[in-house]
Each structure stands twice: as structure tokens, then as C-alpha cells.
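Notes to accompany the following structure.
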Amino acid sequence: MTTERPLVLPGDTIPPHLIPSSTTKPLRLGPGLRHLPPSDIIPVVAGQLITNHQKNSMWVEYNNNRYLPTPGDLIIAQIHRSGPDFYYCSLSPYTPHATLPHLSFESATKKTRPQLQPGSIVYARVVLANKHMDPEVECVSQSTGKSDGLGELKGGMVFDVSLQFARRLLMAKSREEGKVEVLEALGAEGLAFEIAVGRNGRVWVGGEDPKAVVVVGRALKETDEGRLGVEEQRKLVRRLVKGMK
Amino acid sequence: MTTSNPTLAIPGQLLGSTSKYQPGPGTHIHNHNVHASLMGTVHIAQPAKAPGPVKRLTKITPAPAPAVLPTISVTVPTRSAGSDHAGQKKREVLPEVGNVVLCRVIRITPRQAVVAILVCGDTVLEAEWQGLIRVQDVRATEKDRVKIYESFRPGDIVRAEVISLGDQANYYLSTARNELGVILATSEAGNAMHPVSWKEYRDPETGLSELRKVARPY
């Protein structure tokens, strides 16, 4: 199945043969597209138009550096200060702080809650985000009460990457679809590290050996900035690991 | 201390003691004295006739009840004689506890909605007073599960009731009745919406619905 992915600019008309038509499922529009009633679909950003005929959805894949919080996103936040019932944490610089309730951690009560210091890093999920209010995040799943890997990230280091690179890292099939093999290559070389990717363009790398953490961070940043392909990523990893030893 | 009654008063001026006068409109009490709050003329209203002397001399009677004291008030004269409504003096209308007011939502936070009070009863106010609708005063039922984002949005016109005069900055309002809530709402697309149920408004052009705390239409 050939997938045509044309480049669209804001205001372009989309060729009708690209719009997935299914009589059973409603057409879902993702980011970058706006529906003007009755039947116009217009891109509002410049990027690649991607359509998924199985799910009957379409969206525009674009790269920008300003993160807009959306409910359900996993992000890396840094605690700024503690308020009466909330922690105030920053998702991205120069934006209003998000609130993280004191009790929204796994099995937290007023007496046994984690005490987070200003500057500590948490892996959280966005609960509420709209243009009228400051965003809210949580470190526990509302329905199950389990943290599922959310919570404080101790030690390690945070690196900034572009939003598109963070999305590619978070893809299910990051090797085929996202063309990101740098993490697997680093693991194959024998480095021991942990990673947490936030959709707000931040990646936390943790591990015992600080040299390994730095090497992983450099590899990610150079893959992102140099827009390296799969083969170049492998070469980069080999070069960095050799320089480390 | 002035011994004679002043005829003109400026804000803050001492008018008399609370043991001699009862405060009326345009005055306030400070340190057991009645002071003027407005700039205007002083009027003293004599009370109804005091009750007759007590028959029994052995009975202890309390000090004269407050209704017996004359009421002192300060009124601002009307601006021009031409616009005289049967000699009535124009006074500024202020929201009181229990009034139903119309207000516009300015800002929402997870715990309260900040509104500007525009109309009190039937009178359009000259100045916009700020009010707060706290999250526990939005609905009468399930007060702890209210989400402000699903009740109000900035720009909505809300019918609310004043529950407290509050502090220096805000009145406190409540929409915890069926006929209180959002009466005019604009959708994200910019169109005026029609109410569908007690918690939903729908945009007729796009067909999308948005959540609000809807006031029951009369």
C-alpha cells in the first residue's frame, strides 16, 4: 500500500483522494488540521500530511519547539516549589507552571506522601490542559491507583530534544517508523542505562556510570540535531563508545 | 467634638455617638461613633413616639431600645433639577446579599471563577464589581466533584446570587440553584450556542457541544 505523504502548507487544499473515506467510522482529525463546516479540511501548519486508513484518521506531522500540553501526554516536569496542596512544576521554560497535587502519587496519604524538593524531576501525565487554565499533571493513574512508572526520577540527567524526536522515540515501532536506532545500538554496545522520554521535549537518562549517561545524552542530541539516518546513528554510537573507553 | 449637628458632611466626618443616633444610609460606625460615608447633606429622621412611662416602679427597664433613637443619614443631592424624578434622589445601586445579578466570567482557576458583576436586579451598574464563584458554590449536589472547566468558560454571561459581601476585592456569588448558571455562551468556533440540557450547550453550526452549568430558562 503506497502511502503518499505530501508536504502541506497552511491554507492548502487537500486532494480529495488523500482523505480516507469510510462509511462506518467517523473521520478523525489529528493535530495540524482544522475542520471548517460543512466540508472543508484545512491544514494550519506546514508539515507532512499522514493518513491512516485503518483508523480513518489523518494529521500533519510537523516539528516545532513549543510544547502544548494535551491530556494524556507523558511528560518530564521539574518541581519549582511546593504550595499548600500542590507542587508547582514547569513543563517548558517561560510558560505558566503546572500543578501536581501532593496526593497524586501511588498510595500517598497526608502523612506518607513523597516530599519532593525544588529542582527534582518527575515523570508525570497531563490531566487537564486547555487555553483558559494552567495545566494539571498527575503521577498516578486515576482509575487504577497505580503509578505505572510515573513518579520521581532520581539521579541521572535531563537532555532537551526537539518535539518530533521525542515523538519518534515514544513510537511503538521506533525502529521502523521512527527510524531511531540509537538506543538499541547503545544497549548492544554494553552500556547500562535507564531512559524516560517526555513528550515535552525532555529525555531523562539515568544509570550507575556517569560516563554512560553522558554518552547516551550526547548520542541522542547529535542524532536529533544532525537528523541522522539509521546507518549514521550506528556509526555515531560506535564512535562515542570508542571514545569513552 | 462638635456639639451642634452638622448640616453638610464629608466622608469620614464624625456625626455623633451611637448612643444618640442610629446609623442610616450613607453612614457607618467606627469606635462607637457614627461617621459619614458620603459627601452630602445630613438628615435626621425622628423615630416614632417613644412608649409611655413604665407603670411599675420596681421593674427594671433596659436602656432605650435602638428603635427609639433618631436615624441620621447622609444623602447626595441630585445633579440637575431638570432630571428630577418626582423629587427622588438618585442613589448608586449596590449588590446586596440575596440579589440575583448578571455577570460575565473573566477568569477561571481550578478552585473558583472570577466574574465581573454587570447588572443587579434590573439596574445596569455604572461600575463593574468583581465577584467570585467558588467551586463549592457552583452546584447544589456533588459539590466536591465539580470541575470549573465544565461549568464556566471566560466570556460566559452567568446569572448568580450574591451570598456574601465578601472582602475588599470580591463579592461572593453562588449558582447553586436550577435557575442560576450560564445564560449566554459562545463556542470555541465563535458562535452563540443553544442550551440542550442542564449541563450542555450546543453550537448549531458545527454541531459540537460544550459543557456548562446551564441556567433553566424562564
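Order of the sequence lines fixes the chain letters, A, B, ..., with proteins taken first and strands second; residue numbering starts at 1 for each chain.
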Checklist entry - Do any N or O atoms from the side chain of Tyr172(B) and from the backbone of Asp137(B) form a donor-acceptor pair under 3.5 angstrom? => result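 The answer is no, because no donor-acceptor pair under 3.5 Å joins these two groups.
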
Item to check | Whether over 12 other heavy atoms sit under 6.0 Å from Met133(A) CE | outcome: yes

Checklist entry - Taking NZ, NE, NH1 and NH2 as the nitrogens, is one of them in Arg125(A) or Asp73(A) under 4.0 Å from a carboxylate oxygen of the other? => result no

Item to check | Which portion of Arg153(B) sits near chain A, non-hydrogen atoms under 4.5 angstrom | outcome: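 Arg153(B) touches chain A through side-chain heavy atoms alone.
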
Item to check | Flag for Ser187(B)-Asp203(B): side-chain donor and acceptor within less than 3.5 Å | outcome: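 Their side chains do contain a donor-acceptor pair, which is all the 3.5 Å distance test asks for.
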
Next on the checklist: What I want to check is whether the side chains of His35(B) and Thr27(B) have a donor and an acceptor closer together than 3.5 Å.
Outcome noted: no

Item to check | Close side-chain approach of Met58(A) and Leu27(A), heavy atoms under 4.5 Å | outcome: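 In contact.
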
Checklist entry - Considering heavy atoms only, which positions within residues 83-97 of chain A lie below 4.5 Å of chain B? => result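 The residues closer than 4.5 Å to chain B, in numerical order, are Asp85(A), Phe86(A).
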
